[in-house]
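To start, the structure itself, in structure tokens.
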Amino acid sequence: MYFTIEGNHFMAEIRTRFAPSPTGYLHIGGVRTALFSWLVARQAGGKFILRIDDTDSERNKVEALQPILDGFRWLGIDWDEGPEIDGPFAPYYQSQRNHLYVDAASQLLAAGKAYPCYMTTDEIKAERDASEKAKKPYVHRGKHRQSTPDDCLKLYNEKKTAIRLKVPDDELIKINDLIRGDVEWQSNLIGDPIILRPDGRALYNFATVIDDVGMQISHVIRAAEHLSNTPVQVLVYLALGAPMPFFAHVPVVNEPNSKKKLSKRDMKKFVTSDVLKKLNAVGWTNEQIEIRDDLNPATVSFYKELGYLPEGLVNYLARLGWSLDDHSEIILLKEMVAKFSLDRVNNAPASFDPDKLFWVAGEYMKVLPLDKKVDGALPFMQKAGFINSVPSPVELETLRKVIDATGDRLKIFSDILPYGAPFFKADPDYDLKSLAKRVAKEGVPELLKTFSVSLHALSDFSAASIETTLKDFCLAGNHNTGMLIHALRVSTTGIEVGPGVFDCLYILGKEESLRRINLALDLIAK
RNA sequence: GGCCCUGUCGUCUAGGGGCCUAGGACACAGCCCUUUCACGGCUGCGACACGGGUUCGAAUCCCGUCAGGGUCACCA
């Protein structure tokens, strides 16, 4: 005989949930699991529930929860029930639900499915040592397993203690995991788990089931590390006589180029000098990064801070461990909701790849309308002090032109900083090496001077006409076109990489272009 | 150590007995386009963990080995 959960579900509606702890940040691995869960609910027209696992948090709960909610909102993962919106099964904070766990435990006690256990830690330790000596696995079985429900109740009412669930003998506990297929355990290898502490606080494995039953969760979609909790939880469902949900255990996310789980502890190690540089570039000081634990590549807010498009992050995360077919990489959310399926989720762990995420984010940026690009890039320019907090029409227009000229070079919003800087600073930051390489060369200063005259005479200072003028000029005087182009770029923007020169000159305007050319010439004259 | 899960290019993946000389994507290298960079195009590099079966035929099914991971709490 064995217990099975297959086909034992009779909920009318698909209801999935994610149960984060208020940690102060949204972890990239967790959000991927949540995304799968959300996708299942949205596809079925069901409900996605956020339940806060705050039973042992000493932190300020509201404060530590906010970044998580913000993260979900930013990504576009919305919830139908949970914090800030409530719902028919409120409260959605486990810390406020303990009475439900106590009630359920009493019920099990009365039904003879659980018993009070008065064994001391020393006694348990002695038993464990004995089993170890005998080279047998330690399986806890308390003394009051055999007592009648009435005796148990009486005992418990006289003296509160830990309550354990009776694990049945000689059973095979079997689930059909929607991702991993059949998984089974021997009940004889599972010790009677404590479900309620002597002080009346519930344990995770118990509280989770009570909540999932109470909130009518139809699909328990969670990280693979919970797979080994599942048999105990199945037993709780059974003891409760509650309908069994589907289970799906999503494989863990590994560190980049590693077989190790992308852990929540020790995230600081991801803050490499490279990462630090990126964060510095968008205005975070090393001190701030040190204090905040959400500014590292294992959290969602890190990507928000750097100006990744949330759609890109979502797309990347979905593809991490899941595939639609043999070729699709860019999959719009709409399509994902329509076509997602748990059976196409891989069962092996996947390593997080920042390079690919960057590429995906860039693909989304490419197709973003110019207006949206301006909106997204503006805060970065403001934070860097290039543009006023209340931007002038001129600043906005220049930014728009720069972004337009920058084109596909813009992958994430913070990319605007290096490309945009030359157009918003009074003078370019000249890179001395570039200056030496492109301007301070034989004949080049003279060439620039002569060409300045042509530029000065130009009435239509558009990119196209600057280009024509330059080409005609080189043709007529038999000058090296490339040499002049490079010299112009460096002398007007200070850098060698960026939008086309003709665009740069056009955006700067005639006066400013000529001024900068002279500035560079003065500089190399020294 | 017990239990459970998992092994396809460096990474994400396709594949589920013959369409496999193993496909796509990122990354990397080269070439072309563009007198920069990026984009785009083309090419290259590069994997079925190992050993046994089953079969006419195995990346695919079975067994074993090895490796990695998860978990074994009055944490969640």
Side-chain angles (χ1 to χ4, degrees), chain A residues 19-21 23 53-57 94 117 119-121 124 128 131-132 135-140 161-164 177 179-181 183-186 189-191 193-199 201-205 207-208 223-232 249 251-254 256-261 264 316 319-330 344 346-360 362-363 366 406-411 415 418-419 434 438 470-471 474 480-486 488-490 493 495-501 504:
Chain A
S21 299
T23 51
D53 230 325
D54 56 352
T55 47
D56 78 338
S57 179
Q94 287 196 316
C117 181
M119 280 175 79
T120 64
T121 43
I124 293 173
R128 176 174 283 128
S131 311
E132 230 161 77
K135 298 221 162 141
K136 278 183 171 168
Y138 174 63
V139 181
H140 186 275
T161 185
I163 297 179
R164 287 186 191 266
D177 191 281
I179 292 175
R180 334 183 81 87
V183 186
E184 45 188 53
W185 297 266
Q186 302 275 340
L189 262 18
I190 300 170
I194 293 184
I195 56 178
L196 211 64
R197 296 182 180 91
D199 65 2
R201 279 154 59 232
L203 268 92
Y204 169 79
N205 270 333
T208 297
E225 59 202 85
H226 288 291
L227 187 56
S228 34
N229 286 327
T230 307
V232 169
H249 288 92
V252 298
V253 176
N254 285 339
N257 290 308
S258 156
K259 301 281 185 211
K260 276 199 199 115
K261 184 180 141 191
K264 291 185 191 172
Y316 172 74
R319 276 287 289 108
L320 188 63
W322 171 75
S323 63
L324 176 58
D325 49 37
D326 63 347
H327 65 276
S328 299
E329 299 290 344
I330 303 303
R344 287 196 67 87
N346 238 86
N347 27 22
S351 304
F352 183 74
D353 182 0
D355 285 339
K356 188 145 184 179
L357 167 58
F358 186 68
W359 174 78
V360 174
E363 292 298 300
K366 264 190 218 166
T406 301
D408 293 342
R409 294 170 189 82
L410 194 79
K411 306 269 181 46
D415 284 340
Y419 292 127
S434 303
R438 300 299 189 185
L470 183 137
K471 292 205 162 140
C474 289
N480 183 326
T481 321
M483 200 189 255
L484 181 56
I485 284 176
H486 286 126
L488 271 176
R489 166 193 296 289
V490 173
T493 67
I495 49 177
E496 289 188 87
V497 179
V501 209
C504 289

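Reminder, nothing fancy here: chain letters follow the sequence lines and each chain counts from 1.
Shown here, B:rC19 forms no base pair; nothing in the strands shown gives a Watson-Crick or G-U wobble contact with both key distances under 3.5 Å. Look at B:rC28: its Watson-Crick or wobble partner, with both distances under 3.5 angstrom, is B:rG44.
Counting distance only, with no hydrogens placed and no angle test, the side-chain atoms of A:S351 and the base atoms of B:rU11 include no donor-acceptor pair under 3.5 Å.
Taking A:E496 as the reference, A:K437, A:R438 meet the salt bridge (Lys or Arg N to Asp or Glu O under 4.0 Å) condition, with sequence neighbours excluded. Here A:R180 pairs with nothing under the salt bridge (Lys or Arg N to Asp or Glu O under 4.0 Å) rule; sequence neighbours left out. Residues passing the salt bridge (Lys or Arg N to Asp or Glu O under 4.0 Å) test with A:D326, sequence neighbours excluded: none. For A:R201, the salt bridge (Lys or Arg N to Asp or Glu O under 4.0 Å) test picks out A:D199, with sequence neighbours left out.
Contacts of A:K136 with the nucleic acid, taken as non-hydrogen atoms under 4.0 Å apart, are absent. Among the heavy atoms of the strands lying under 4.0 Å from A:G498 is at least one base atom, whether or not backbone atoms are also near. When heavy atoms are screened at a 4.0 angstrom cut-off, A:R128 is found touching the sugar-phosphate backbone but no base atom.
The shortest distance between the side-chain N/O atoms of A:R344 and the OP1/OP2 oxygens of B:rG15 is below 4.0 Å.
At whole-Å resolution of the value, CZ in A:R201 and C1' in B:rC74 are 8 Å apart.
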All N/O contacts under 3.5 Å from nucleotides 23-25 of chain B to the protein, with atom names and distances to one decimal?
from, atom 1, to, atom 2, distance (Å)
B:rG23, N2, A:D326, O, 3.1
B:rG24, N2, A:E329, OE2, 3.1
B:rA25, O4', A:E329, OE2, 3.2
B:rA25, O2', A:K356, NZ, 3.3
B:rA25, N3, A:K356, NZ, 3.1

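Donor-acceptor pairing under 3.5 Å is recorded for the side chains of A:T230 and A:H249.
A 4.5 Å side-chain heavy-atom check between A:N347 and A:P251 finds every atom pair outside the cut-off.
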TODO: Could you run through nucleotides 1-7 of chain B and give me one letter per nucleotide, 5' to 3': B if any protein heavy atom sits under 4.0 Å from the base, S if only the sugar-phosphate is that close, - if neither?
DONE: --SSSSS
